[in-house]
Student: 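Here you go, one structure.
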Number of protein chains: 2
Amino acid sequence: MPTSADRLVRTLSQHGLRQTPVRRSVLQVLADAAFALSGSEIEQQLPAGTDRITLYRTLKSFEESGLIHRVIDSTDVVRYAACSIECSAEAHFDNHVHFKCTICQHIYCLNQVAIPTVTLPAQFQVVSRDYLLAGVCRECQPAV
Amino acid sequence: MPTSADRLVRTLSQHGLRQTPVRRSVLQVLADAAFALSGSEIEQQLPAGTDRITLYRTLKSFEESGLIHRVIDSTDVVRYAACSIECSAEAHFDNHVHFKCTICQHIYCLNQVAIPTVTLPAQFQVVSRDYLLAGVCRECQPAV
DNA sequence: AATACAAAAGTAACAAAGTTGCAGTTGAGC
DNA sequence: GCTCAACTGCAACTTTGTTACTTTTGTATT
C-alpha cells in the first residue's frame, strides 16, 4: 500500500519534475491543505529556513506543469491549490467553482460544483472560466 | 444639456463626496475607460504630480461609496471599473460577468451578461458572486 | 464674504509580495 | 561515479500599497 510520501514522489516524476526537499515539502503542504493558500501562507508551513525565492519558483513550475492551479481571490493576493488527480500540463480540469468565506477568509475548491456556462456576444472567444462565490462557509455558520 | 464635467460633479455630490481636483480626475479616467484599470494604470493617466497615496485613498472611498467596483483578475493586481448608474453605497448591482483578454490583457465589464447561479452544498451561504472569463476579445481576433 | 471644521491632500517612512541575475549545488540518467 | 541541466540560495531590487502625521481645502453656516 502506497504511503503519502510515495504519492508525492510519483506525482513529481509523472510531471517531469526532480525530487528535491523543497518541492516535496511544498507539494505536501498544498496536498494537505483544505483550501487555497497564498505564497506567504505556504512559506509559513514549510520547514524553517526554506528560501522564499525558491518557493516562488517552485510554485511557478508546479503551475506550469499542471500540478497546482491558481485560485482567483477578491483581494490582491495569488492563491494556489493542488489540482485534482486528472490534471496535467496539457489538460487542466479546473472547471469547478471556488467559495471564499468572508469570515475565516478560506477559499474552498468545490470540486463537485461545475461552472455554468454563459452566452457571450459574438466575437468573444472563451478559453477559461473562473467562478468565485463569497459568503459564509460551513464552519463559520452562526450557531442555531 | 449637461456636460461631462457636470455629470462628474453630480456623481460626486450624489455619493456625498467633496469636489476636489484629484477625485474629479480619477472619476473621469475611470468613466472614460472601456475596461478595468489597476491602481498604477490609473496613476499614469492622471495629471502629472498627482500623489499616489491620495489616489489609493480616493479609490478606497469611491469603492465604499459604490461609485466604482473591484474587478477580480487572475493575477495579483486589483482593478477597478466605474459602476453603472444604479449603484450606491447601499446597493451594488454588480451582477455581470467580466472578460479578460489573454492577448491585450484588458478586462471588460459585460454589463449585459448576468452571472448564472449555482446550487451549492447545504451550509454554504452565498453573499456575492464573481465570474471571470478569459479568452480573446473582439479587438484581438485574428483576421479572417 | 469671512469663519469653522471635517474631509481630503501631501509628505515621509515603511512593509509585503514577488522578481532578476548570478554563483553554487544536486538529482537523475548514462 | 560522471556529467549537466535543473534546481537552490543569496543579494539586491521593483512594484504595489499602507500608516502616521501635518497641512490644506471644500462646503455649510453665519
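In what follows, chains carry the letters A, B, and so on, assigned in the order in which the sequence lines appear, proteins first and then strands, with residues in each chain numbered from 1. Values below: all heavy atoms of this structure, side chains included; hydrogens, waters and symmetry mates excluded.
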Student: Rounded to the nearest Å, what distance is computed from the CG atom of residue L17(B) to the P atom of nucleotide dA9(C)?
Tutor: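 So the CG-P distance, L17(B) to dA9(C), works out to 10 Å.
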Student: Could you list the residues that satisfy side chain to side chain contact (heavy atoms under 4.5 Å, CB included) with V113(B), not counting sequence neighbours?
Tutor: V118(A), L120(A), P121(A), V97(B), L110(B)
Student: Whole angstroms only, please: what is the CD-C1' distance between E43(A) and dG9(D)?
Tutor: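 Checked: the CD to C1' distance equals 14 Å.
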Student: Between H69(A) and H98(A), what is the ring plane arrangement, given parallel below 30°, perpendicular above 60°, and tilted in between?
Tutor: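 Ring orientation, 0 to 90° scale: parallel.
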Student: Please tell me if T20(B) has a side-chain N or O lying less than 4.0 Å from either OP1 or OP2 of dG26(D).
Tutor: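 For T20(B), the contact criterion (side-chain N or O under 4.0 Å from OP1 or OP2 of dG26(D)) is not met.
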Student: Specify the separation, in whole Å, of atom CZ of R23(B) and atom P of dG10(C).
Tutor: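 About 12 Å, once rounded to whole Å.
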Student: Starting at atom NE2 of H15(B), determine the distance to atom C1' of dG26(D), rounded to an integer number of angstrom.
Tutor: 19 Å
Student: Could you tell me the separation between the CD atom of E63(A) and the P atom of dT19(C), rounded to a whole number of Å?
Tutor: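 About 10 Å, once rounded to whole Å.
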Student: OP1 or OP2 of dT8(D) sitting under 4.0 Å from any side-chain N/O of T58(A)?
Tutor: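 Answer is yes, contact under 4.0 Å.
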Student: Counting distance only, does the side-chain N/O of Y80(B) pair as donor-acceptor with the main-chain N or O of E63(B) below 3.5 Å?
Tutor: no
Student: Would you say the side chain of H96(B) lies within less than 4.5 Å of the side chain of Q112(B), judging by non-hydrogen atoms?
Tutor: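 The answer is no, as the side chains (C-beta and beyond) never meet within the 4.5 Å cut-off.
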Student: Please list, for nucleotides 22-26 of chain C, all pairs of protein and nucleotide N/O atoms separated by less than 3.5 Å.
Tutor:
{"unit_1": "dT26(C)", "atom_1": "O2", "unit_2": "R18(A)", "atom_2": "NH2", "d": "3.0"}

Student: Between C1' on dG18(C) and CD on E41(A), what's the gap in Å once rounded to a whole number?
Tutor: 15 Å
Student: Considering only nitrogen or oxygen atoms on both sides, find all protein atoms under 3.5 Å from nucleotides 13-18 of chain D and state each distance.
Tutor:
{"unit_1": "dT16(D)", "atom_1": "OP1", "unit_2": "S40(B)", "atom_2": "OG", "d": "3.4"}
{"unit_1": "dG17(D)", "atom_1": "OP2", "unit_2": "Y56(B)", "atom_2": "OH", "d": "2.7"}
{"unit_1": "dG17(D)", "atom_1": "N7", "unit_2": "R52(B)", "atom_2": "NH2", "d": "2.9"}
{"unit_1": "dG17(D)", "atom_1": "O6", "unit_2": "R52(B)", "atom_2": "NH2", "d": "2.8"}

Student: For residues 98-111 of chain B, pull every pair meeting salt bridge (Lys or Arg N to Asp or Glu O under 4.0 Å), keeping only residues two or more places apart or in separate chains.
Tutor: D73(B)-K100(B)
Student: If I take atom CZ in residue R79(A) and atom P in nucleotide dG18(C), what distance separates them, rounded to the nearest angstrom?
Tutor: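 One finds 10 Å between P of dG18(C) and CZ of R79(A), rounded.
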Student: Test of understanding: with salt bridge (charged side-chain N to carboxylate O under 4.0 Å, His left out), list the residues that count as partners of E41(B), not counting sequence neighbours.
Tutor: R79(B)
Student: For residues V29(B) and V78(B): do they belong to one hydrophobic cluster (side chain heavy atoms under 4.5 Å, members Ile, Leu, Val, Met, Phe, Trp, Tyr)?
Tutor: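 Yes.
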Student: With a cut-off of 3.5 Å and sequence neighbours excluded, list every side-chain donor-acceptor pair involving residues 52-59 of chain B.
Tutor:
{"unit_1": "T54(B)", "atom_1": "OG1", "unit_2": "D51(B)", "atom_2": "OD2", "d": "3.2"}
{"unit_1": "T58(B)", "atom_1": "OG1", "unit_2": "T54(B)", "atom_2": "O", "d": "2.7"}

Student: Please state whether the rings of H106(B) and F35(B) are parallel, tilted or perpendicular, taking 30° and 60° as the class boundaries.
Tutor: parallel
Student: In whole Å, what is the span from the CG atom of L37(A) to the P atom of dG18(C)?
Tutor: 13 Å
